[in-house]
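Right, one structure below, let's go through it.
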Amino acid sequence: KGDVLDDYLRMDGVWILTRNKQFYETNNEIECAEKCEAERNFTCRAFLYTRKKLQCLTLAENSKTTLIFSSTDSVLYEKRIYLLQCKRGIGKDYRGTEAKTWRGIPCQKWAEKTPHNPNITPEKYPSAGLEENYCRNPDDDVNGPWCYTTDPAIRFDYCNIPECEGQVMQTTEATEGPTVDCMICNGEDYHGNVSRTESGLECQRWDAQEPHMHGYTLKHFPGKDLKMNYCRNPDGELRPWCFTTSPTKRWEYCNIPRCTTPPPEPAPGRQCLSGRGEDYRGTISVTESGNTCQHWSSQSPHRHARTPENYPCKNLEENYCRNPDGEKMPWCYTTNRTARWEYCTIPSCDGVEQDTAAVDGPEQAQVTEECYRGNGVSYRGTTSFTVTGKKCQAWNSMSPHRHNKTSDRFPNADLRQNYCRNPDADSRPWCYTTDPGVRWEYCNLKKCDDNLQITLPKPPQTTLEPDPECINGNGKDYRGTVAKTARGRTCQDWRSQRPHSHDYFTPLTHPEAGLEHNYCRNPDGDVNGPWCYTTDPRKAWEYCDIPKCPPAQYECGKSKVKQKLCAQR
Amino acid sequence: IVAGCISHPHSWPWQISLRTSFGLHFCGGTLIDPQWVLTAAHCLEKSSRPSAYKVYLGLHRERASESSVQKIDVEKLFKEPHRVDIALLKLKSPAIINNHVIPVCLPKENSVLGGREECYVTGWGDTKGTGGDGYLKETGFPVIENKICNRPEFLNGKVKSHELCAGNIHGGTDSCQGDSGGPLVCLDQDKFVQHGVTSWGLGCAQPMKPGVYVRVSNYIPWIRSVMENN
């Protein structure tokens, strides 16, 4: 047998609140563990040890059953058998809380005499853990843990306790199934249930935004297993971490032991850029601006933590460009003191993948569509050249043009390969081009023959051009054709000086005021709205009666002019 | 805007220019409703009188010489009550919504960005000699999660939870003085949603010093209540 502490799970910096406990003074944790083993007043499930005070506290309860607090000086040791909800071998040391037989009949309490008067009692078997009505195996039954049942017709029956498998440890969330509680590499694949940080703080649930608001949500990090409040490493950190429930500590690393098995054999990797290039294993070692990469194992000229030791599974060899941390593309620290790190330009795998796709099964059969209908939103053909003959950039590529028309944002737009598409309901199919100087162009596609065209209902008109026959505000922009005043008088032509001569408001003096014909206008921003000179010699001018426009219907956040979306990244 | 590029005219129709009563541009802002503008509270420090300000809409050039320009007085100012750098302006009359003036969308209450979104900022602010002065410029960069942004080599814990960071890790492009109060918008499907109000930064476009923006999604209830009650 090894160290007595091997039977315990250690948690630093925590304190648990229990009713049944016993104080001792011991020189170290091992002596405290021995006190726990020898405890006669209650079943010792855990102990707390405080090094400063040499204080040993044996406990009847553990973290599964009571409250935990953070306490910097203390260490909690929990007996592993009381944390397991599975059995090893015949389950003689099973100390879980299953209390039903395999048929679902509730167990009788071991200390009770009805409905069955038991032969096996807690008094006769003090070390067998005969507490409550939990399934136990005090008599080495080869069929595993059992209990007396509450059914008078069935004296005893066996319980259905799952087997513990190898190094697998099951924790309190029994429904989650067995989980490995160690990590390989940087714990990016860690799926265990540890939910406390290295200083003992409880983790905040990933789906909660309190006390810390954050962007590590399931939506933004799909596939990263951000469940409950378990420590995870979704973003290429050194090891799993979590936001904490302490308002003063936003996040902290968790202490997850490394698995003793060696890291897996590295995947072969790619020599070209696919996605973010996390699997790039080529030997390019120059950045996009031409700087030479610094060796990953070197700390000069730039000190850093992305060392091969810290990231054992990321192939940080030599000074090759790599993406160990979920960056947008492979990068490296540079040997130039003024540029700490830069991205590398890695040739895309797009061409290779395209060829592969072409030989795929029938589902990949290429649709031949030489024309588009309507505005081409439904176009699913394979044309991939623009009107000026430029080759289209693949939609999943960000080179040479970075963009946001990605298949995850436009899942129904069929943004495959580099085929012309119309994900944003433009006037016709288009694509980003492979020419760095031309961001996008319409495609070299004809509209299908009108005779064959299917008539589809038109989308609602969203034009925001003002209705010419109503006014907004004071009607300064009114360009309609009303030519009578509110009192029914006919308006005088703005170019005419008869019957009323006027030098100031003419098409020449106010070219932008729309002084055409004899239409009502508001060239001087009159608060009462458009007006005109009248043809009645007795009345020089009069207001016109033009209805107010109803509030414009608009769609927020949608411009009528396409943005450049220029970004210098 | 440092670096970036001159935008297509009127392609950011929610961008407004906040001006003195004499017409001098000093801050940006965003039209969120025909009669309401969102801006930064620090843009309103010089005067608490609404008459000290004018809002220009529908412009591309800072000179505001286009016929599409609407100039509207401010009726009321509303600063966020807990001194967060966000404020609302009620316009004296509703802006006329047309192809050059369209409100932006607001995010859902407490919605969060994942730290990978591509977002854009716009403004007529300082270009630090990168050109395009006098025209509405735009630039794009990703949002940076606060966990990353608060690392010692970045903004070292200075970013509060009601703020968000956005920028390029290498710097080079950023919002800058004069862009304050303007929008940080992110494309959500086919609409632009305003997630940030340009607030502060350590210099402009410095490496490892992304710009800091007030997180709009935290203030949706406040925005809603001010608009409903006024």
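To find a chain, count down the sequence lines: A is the first, B the second, and so on, and within it residues start at 1. No hydrogens, no waters, no symmetry mates; every other heavy atom, side chains included, goes into these values. The shown structure was predicted, so the numbers you read here are calculated from the model rather than taken from an experiment.
- Within 6.0 Å of NZ in B:Lys108 there are 12 or fewer heavy atoms belonging to other residues, nucleotides or ligands.
- The distance from the NE2 atom of B:His8 to the CG atom of A:Leu565 is 9.5 Å, given to the nearest 0.5 Å.
- At distances below 3.5 Å, at least one donor-acceptor pair connects side-chain atoms of A:Lys564 with backbone N or O atoms of B:Ile6.
- At distances below 3.5 Å, at least one donor-acceptor pair connects side-chain atoms of B:His170 with backbone N or O atoms of A:Trp341.
- Environment of NZ in B:Lys90: crowded, with over 12 heavy atoms of neighbouring residues, nucleotides or ligands closer than 6.0 Å.
- Surrounding CZ of B:Phe154 are more than 12 heavy atoms belonging to other residues, nucleotides or ligands, all under 6.0 Å away.
- Distance check, rounded to the nearest 0.5 Å: OH of A:Tyr554 to CG of B:Asn99 gives 14.5 Å.
- Between chain B and the options A:Lys562, A:Glu342, A:Arg250, the largest number of non-hydrogen pairs under 4.5 Å is found for A:Arg250.
- Between A:Gln563 and B:Trp12 there is a side-chain heavy-atom pair separated by less than 4.5 Å.
- Looking at A:His214, both its backbone and its side chain come within 4.5 Å of chain B, counting heavy atoms on both sides.
- Only the side chain of A:Gln209 comes within less than 4.5 Å of a heavy atom in chain B; its backbone stays farther off.
- B:Glu138 contributes a side-chain N or O that, together with a main-chain N or O of A:Cys566, makes up a donor-acceptor pair within less than 3.5 Å.
- To the nearest 0.5 Å, atom OG of residue B:Ser11 and atom NZ of residue A:Lys560 are 14.0 Å apart.
- Counting heavy atoms from C-beta outward, A:Asp235 and B:Ile148 have side chains that approach closer than 4.5 Å.
- Residue contact with chain A, scored on non-hydrogen atoms closer than 4.5 Å, is absent for B:Pro207.
- B:Phe192 is not listed as a side-chain neighbour of A:Lys558, based on a closest heavy-atom distance of 4.5 Å or more.
- We find the CG-SG distance between B:Asn98 and A:Cys549 to be 11.0 Å, quoted to the nearest 0.5 Å.
- Proximity to chain A is absent for every atom of B:Leu31, based on heavy atoms less than 4.5 angstrom apart.
- Contact of B:Asn110 with chain A is made through backbone and side chain together, with heavy-atom distances under 4.5 Å.
- With values rounded to the nearest 0.5 angstrom, A:Trp251 atom CH2 is found 10.5 Å from B:Glu145 atom CD.
- Taking chain A as the reference chain and counting heavy-atom pairs below 4.5 Å, the highest number among B:Lys147, B:Gln194, B:Lys191, B:Met208 is found for B:Lys147.
- Note: A:Ser559 OG to B:His100 NE2 = 9.0 Å, rounded to the nearest 0.5 Å.
- The two residues B:Ser67 and A:Glu512 make their nearest non-hydrogen contact at CB-OE1, 4.4 Å.
- Only the side chain of B:Ser217 comes within contact range of chain A, with at least one heavy atom under 4.5 Å from a heavy atom of that chain.
- Annotation: side chain of A:Lys405 is not in contact with side chain of B:Asp190 (no heavy-atom distance under 4.5 Å).
- Other residues, nucleotides and ligands contribute at most 12 non-hydrogen atoms within 6.0 Å of the CD atom of A:Glu210.
- A salt bridge links A:Glu237 to B:Arg151: at least one charged side-chain nitrogen sits closer than 4.0 Å to a carboxylate oxygen.
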